[in-house]
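One structure is given below, encoded as structure tokens.
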Amino acid sequence: MGAYGRLLRYVAAIKNEVAWKVLIGLAISTTYIGQAFAMAKAVSVVFLGGSVSDIAGYLVIALAAVFLRGFLTRLMESYSKVVAAKVKNKIRLLIFDKILRLGPGYLSNKRSGRVQSLVLDGIESLEPFLVYYVPQIITIAISGLVIGFYLTLLDGVTGIIIIIAMMLCVIVPYLTVPLVSRSIVTYWRSYALLNAQYVDAMQGMTTLKAFKASRSKGEELAGNALAFYRQAIRNTTFSLIDSGLMMLLTSIAASVTVAIAAYRTDLGIIPIGAVSAFLFLAAECARPMVDLNNYWHNSFLGLSVAEELFEIVDQELVITERENPDQTSLEQGLPSLQFSEVSFAYQEGEKPALDKVTLDIQPGQTIAVVGKSGSGKSTLVNLLLRFYDPSQGRILMNGVDLKDYAIDYLQQKIAVVFQDTYLFHDSIAENLRMAQPQADDRALKAAAKSAGAHDFIRALPAGYQTVIGERGATLSGGERQRLALARAILKDAPLLILDEATSSVDAKSEALIQKTLESLTRNRTTIIIAHRLSTIQNADKIYVLDESRLAETGTHEELLQLKGVYAGLVDAQRRGNGHE
Ligand SMILES: Nc1ncnc2c1ncn2[C@@H]1O[C@H](COP(=O)(O)OP(=O)(O)OP(=O)(O)O)[C@@H](O)[C@H]1O
């Protein structure tokens with residue numbers, strides 16, 4: 001079990017905490033042993049005809065052990081929670097960091113609900129193994145050996161029997177691993193599937209309602225919920241059978257030990273006083289075994305989840321940075337950009353999204369990229385941001401290959417307004433500050449004014465402090481776009497990319513934004529991707545993509561004269577707008 005061994009490395013990372021847990025665990029075991037020992041002594045004294053006053057001291061010790069155990073158990077519980085929070089947080093940060101480094105390319109093939117259940121519930125399920133099982137097995141090994149050794153001193157044969165029985169209790173649960181693990185893996189998969197479908201349904205609620213598909217989606221979810229429920233029951237059944245067997249085994253082990261001790265006493269091999277020691281201490285050997293088995297069971301889900309988590313940890317980074325990457329070449333004036341014979345396909349062997357595309361953009365130019373839907377326009381942006389690397393050809397910025405830049409440095413120098421604006425469930429101010437965390441309120445307002453967003457923000461109940469819901473759900477499409485534009489303006493980067501940035505705003509706002517853009521693009525290199533061709537007529541150069549290839553290049557007038565793809569697009573748009 002590879003994941004099992006690798007998880008132990010995470011335990012090594014918290015070895016001090018584990019050591020403390022073992023110490024507290026040993027202290028708890030000592031109270032049990034002390035209590036059992038005192039009771040064994042008391043019973044021996046009574047057996048040998050002693051009075052209540054003769055056993056008073058033992059009873060006080062037993063009582064003190066009970067109180068001390070109560071305190072230690074509480075201490076152990078709260079300490080375990082602190083350790084658990086710490087280790088889970090560490091693993092979550094590790095996974096989150098890796099997913100961020102893998103980038104959008106990795107996530108585009110994953111379901112958000114699946115990733116969510118893995119990072120939240122999945123990591124949560126590692127707790128029993130990391131925080132409980134491992135320290136418990138160390139505690140048992142030490143306390144069991146001590147008791148076993150002591151009992152062996154009392155009687156070698158019975159002592160060895162109890163040590164063997166304890167070892168069996170540790171080993172036997174491993175025998176049911178294949179059966180139980182299969183059941184738990186299925187349980188986890190059905191849970192993750194249900195979660196993914198639920199998140200999908202919630203996100204697509206409006207579509208489901210609009211297409212009257214909510215009933216059929218609901219039925220599908222109910223079907224999966226039932227499958228999950230059945231799997232959960234099956235799982236519990238396996239678990240109960242297994243822990244029942246374990247209890248039976250430990251009880252048999254304790255009873256057989258006591259019976260053997262009693263028999264050997266009867267034969268006169270061991271003294272009568274030793275039987276009571278076996279009576280109480282054999283039960284003490286059995287008790288932590290049952291706990292251990294429970295922790296083992298609870299660990300199972302985590303062990304199956306760990307395999308998936310390690311898949312992410314092991315996932316090779318497609319986008320890498322070279323050693324000592326360039327972090328200076330974008331400081332020299334406005335950036336130029338050269339795409340030279342760039343080809344790229346999202347999936348190997350599939351039709352390329354870009355096919356031998358060559359662009360030459362001079363510093364400070366405003367260029368436009370147009371083309372039919374699916375012609376590859378947004379893919380250019382994905383490559384510029386290094387979400388993906390070209391499969392062939394090179395992209396140079398200021399004469400340096402994008403692959404030679406530090407990724408953070410490169411991305412800092414590019415401000416993008418994406419086609420599908422993403423706003424977070426936070427205040428407008430914080431959403432804007434994502435572009436520049438130190439920006440003061442005046443800078444926020446100036447950016448919002450330039451993007452034509454200030455007036456609508458002011459009209460909101462809490463102004464810039466208004467929380468706008470997930471994906472900016474409480475705003476209109478146009479308002480979301482204006483905020484995204486304000487965010488890009490605030491970033492103040494030398495390369496500005498507008499991917500359909502004004503497609504959802506009304507004519508009045510667009511006129512205002514166009515004016516802002518004119519001043520904004522004056523001291524920047526700008527790439528505008530637009531469907532509405534009226535917005536890019538003044539671009540220094542227009543690149544026309546068709547079927548992933550660069551079909552035409554020129555100014556608006558030059559392209560119209562060509563009477564090719566661009567002229568066709570303009571014509572189609574005019575007719576669509578009723579200008580014919
Ligand atoms: N993440 C992805 N995984 C696989 N294929 C993708 C992905 N993103 C885009 N594609 C495909 O790549 C091609 C180019 O897509 P791209 O988004 O660049 O087109 P576009 O010109 O920007 O289209 P639109 O104008 O509709 O936004 C399309 O065929 C599209 O289906």
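Read the numbers this way: they start at 1 and go in the same order the structure lists the ligands and their atoms.
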- request: Kindly assign one of parallel, tilted or perpendicular to the pair F228 and Y191, based on the angle between their ring planes and the thresholds 30° and 60°.
  value: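 Answer is tilted, since the angle falls between 30° and 60°.
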query: Closer than 4.0 angstrom: is that true for some heavy atom of S375 and an atom of ligand 1?
result: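 Yes; S375 lies near enough to ligand 1 that a heavy-atom distance drops under 4.0 Å.
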message: Could you tell me if S183 and N235 have a donor-acceptor pair between their side chains, going purely by distance under 3.5 Å?
response: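 The criterion, which ignores hydrogens and geometry beyond distance, is satisfied for S183 and N235.
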message: Looking only at the side chains, is there a donor atom on one of N195 and Q197 sitting less than 3.5 Å from an acceptor on the other?
response: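 Judged by distance alone, the side chains do not pair up.
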Closest protein heavy atom to [atom], given as residue, atom name and distance to 0.1 Å:
atom                    : answer
atom 17 (O) of ligand 1 : S378 CB, 3.7 Å
atom 6 (C) of ligand 1  : Y346 CD1, 3.2 Å
atom 14 (C) of ligand 1 : G374 O, 3.5 Å
atom 16 (P) of ligand 1 : T379 OG1, 3.6 Å

message: Any protein heavy atom at under 4.0 Å, with atom 25 (O) of ligand 1 as the reference point?
response: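 Answer yes: something from the protein, a heavy atom, is under 4.0 Å.
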field: Heavy-atom protein contact below 4.0 Å for atom 30 (C) of ligand 1
entry: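 Flag for atom 30 (C) of ligand 1 set to false, no protein heavy atom closer than 4.0 Å.
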- request: Work out which heavy atom in L334 is nearest to a heavy atom in N398; give both atom names and the distance.
  value: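 Looking at all heavy atoms of both residues, the closest pair is O-OD1, 3.6 Å.
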query: Between S427 and Y464, which heavy-atom pair has the shortest distance, and what is it?
result: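 Looking at all heavy atoms of both residues, the closest pair is CB-O, 3.8 Å.
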- prompt: With a 4.5 Å heavy-atom cut-off, do L100 and L102 have their side chains touching?
  reply: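 Not touching, per the 4.5 Å side-chain cut-off.
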- prompt: Short N/O distance, under 3.5 Å, between G376 and ligand 1?
  reply: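 For ligand 1, there is an N or O atom that lies under 3.5 Å from one belonging to G376.
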message: Checking contacts here: is it the side chain or the backbone of Y388 that comes within 4.0 Å of ligand 1, counting heavy atoms only? Could be both or neither.
response: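 Looking at Y388 and ligand 1, just side chain atoms fall under 4.0 Å.
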task: Would you kindly specify which portion of Q419 sits under 4.0 Å from ligand 1, judged on non-hydrogen atoms: side chain, backbone, both or neither?
output: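 Answer for Q419: side chain.
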- request: State whether the number of non-hydrogen atoms from other residues, nucleotides or ligands found under 6.0 Å of R92 atom CZ is greater than 12.
  value: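 Atom CZ in R92 is crowded, with more than 12 foreign heavy atoms closer than 6.0 Å.
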